Asker: 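I am attaching a structure below and will ask some questions about it afterwards.
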Amino acid sequence: MHLHHTTPATEDEAIARQLTLRERVSHEDSGPAPGAPATVAGVDVAYDDERGIVAAAAVTLDARTLEVRERATATGPVAFPYRPGLLAYRELPAVLDALGRLATPPDLVVCDGYGTAHPRRFGLAAHLGVLTGLPAIGVAKNPFTFRHRPPGPERGAWSPLVDAEDPQEADGPADAHGTERAFHGEEVGRALRTQPGVKPVYVSTGHRVSLPTACAHVLNLARRYRLPETTRAADQLCRAALKAATAHPGGASQR
DNA sequence: GCGACAG
DNA sequence: ATCTTGTCGC
């Protein structure tokens, strides 16, 4: 699974590419069912801005036991600056490299960040899904520019994540108090409570997975902590890979 | 113009 | 993302 990914020269080009690629996204469930026998990979990246280095990790887990099946890392130069809405161009080159080093492709990929919940409905998880063809979902730690009501306190509770900027339907006469209106936009994801009384995570679809299914996968992967085990494992590994790359420049360096 | 802004 | 010790709590 070797995928080449050229870096856009400008932000305009990056945006234009998102608008083209997003037409290939599928929101239908064609991936593994939550809790079914399958492998799920977590991917994440860590940066050393001083040296302009990025380290990525891909960790495959057994979806039922959550045991680690395989780990892979990749390091390289930072190819794109951080820009809200264009995160994929900064993270994907290294992430795709790490994914490609796995002996066996996963049945589902869990990304750090958003998928459909994005200004152009094409965040990191959707981008990765389209490029790899793999089912993918996004799990973010904060609501970005979106709004939501607080979910109930119990594990599994959720509330719609909506794009308040979206001038959706005009329900009734213009309410003088636009407060309620802020929650009436398009549902782009869900604020999902994975642990009782703990801050929710923000789930959105990426590719080949529906929103309800994406949430079920996240709950299945977050049995003990707020974040899915896939995210925790990948986060830990990419940080270790970054330290190794910083400590032994050239050692196991990769492009 | 100002503020907000996944990682 | 990253800079960073101890500390309060289950």
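Bear in mind that the values here come from a model prediction, so they are computed numbers and not experimental data.
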Asker: What residues from residues 39-50 of chain A pass a heavy-atom cutoff of under 4.0 Å to DNA chain C?
Answerer: A/Ala46, A/Tyr47

Asker: Hey, does the side chain of A/Thr73 reach the backbone of A/Ala57 with a donor-acceptor pair shorter than 3.5 angstrom?
Answerer: no

Asker: Using a cut-off of 4.0 Å between protein heavy atoms and nucleotide atoms, how would you tag nucleotides 4-10 of chain C 5' to 3' with B, S and -?
Answerer: -------

Asker: Charged N to carboxylate O below 4.0 Å: is that the case for A/Arg90 and A/Asp112?
Answerer: no

Asker: Partners of A/Ser210 by side chain to side chain donor-acceptor pair (under 3.5 Å), sequence neighbours excluded?
Answerer: A/Asp29, A/Thr213

Asker: Mind listing the closest non-hydrogen atom pair of A/Thr60 and A/Thr39 along with its distance?
Answerer: CG2-CB, 3.5 Å

Asker: Near A/Gln236 CD, under 6.0 Å, is it more than 12 heavy atoms from other residues, nucleotides or ligands?
Answerer: no

Asker: Nearest whole Å is fine: how far is C/dT2 P from A/Leu87 CG?
Answerer: 13 Å

Asker: Spell out, as yes or no, whether a donor-acceptor pair under 3.5 Å connects the side chain of A/Arg190 to the backbone of A/Trp158.
Answerer: no

Asker: I need the full list of ring pair (Phe, Tyr, Trp, His ring centres under 6.0 Å) pairs touching residues 8-41 of chain A, with sequence neighbours left out, sorted by first then second residue.
Answerer: none

Asker: Show every salt bridge (charged side-chain N to carboxylate O under 4.0 Å, His left out) that has at least one partner inside residues 213-235 of chain A, sequence neighbours left out.
Answerer: A/Glu229-A/Arg232, A/Asp235-A/Arg239

Asker: Tell me what A/Gly138 touches on the nucleic acid: a base, only sugar-phosphate, or nothing, going by heavy atoms under 4.0 Å.
Answerer: nothing

Asker: Please determine whether residues A/Leu99 and A/Leu92 belong to a single hydrophobic cluster, defined as Ile, Leu, Val, Met, Phe, Trp and Tyr linked transitively by side-chain heavy-atom distances below 4.5 Å.
Answerer: yes

Asker: A/Asp44: which residues meet the side chain to side chain donor-acceptor pair (under 3.5 Å) condition with it, sequence neighbours left out?
Answerer: none

Asker: Could you list the residues that satisfy side-chain contact (heavy atoms from CB on, under 4.5 Å) with A/Cys111, not counting sequence neighbours?
Answerer: A/Val43, A/Val109, A/Leu124, A/Ala125, A/Leu128

Asker: Let's test your reading of the pairing rules: Watson-Crick or G-U wobble, both distances under 3.5 Å, then write DNA chain B as a dot-bracket string with ( ), [ ], | and dots.
Answerer: .......

Asker: Under the side chain to side chain contact (heavy atoms under 4.5 Å, CB included) rule, what do A/Leu161 and A/Tyr114 come out as? Steps first, then yes or no, please.
Answerer: CA-CA 12 Å; A/Leu161 189 63; A/Tyr114 284 118; 3.8 Å; yes

Asker: How would you label the contact of A/Leu92 with the nucleic acid (heavy atoms, under 4.0 Å): base, sugar-phosphate, or nothing?
Answerer: nothing

Asker: Can you tell me which stems DNA chain C forms, taking runs of 3 or more consecutive Watson-Crick or G-U pairs with both distances under 3.5 Å?
Answerer: none

Asker: Checking A/Leu86 now: which residues fulfil side-chain contact (heavy atoms from CB on, under 4.5 Å) with it, not counting sequence neighbours?
Answerer: A/Glu11, A/Ala14, A/Ile15, A/Gln18, A/Phe80, A/Arg83, A/Tyr89, A/Arg120

Asker: Reading DNA chain B 5' to 3', which nucleotide is the first, and which the last, to come under 4.0 Å of any heavy atom in chain A?
Answerer: B/dC5 to B/dG7

Asker: Not counting sequence neighbours, which residues clear side chain to side chain donor-acceptor pair (under 3.5 Å) with A/Ser30? List them please.
Answerer: A/Arg208

Asker: Nearest whole Å is fine: how far is C/dA1 C1' from A/Arg90 CZ?
Answerer: 7 Å

Asker: So, does A/Glu91 use its side chain to make a donor-acceptor pair with the main chain of A/Ala56 at under 3.5 Å?
Answerer: no

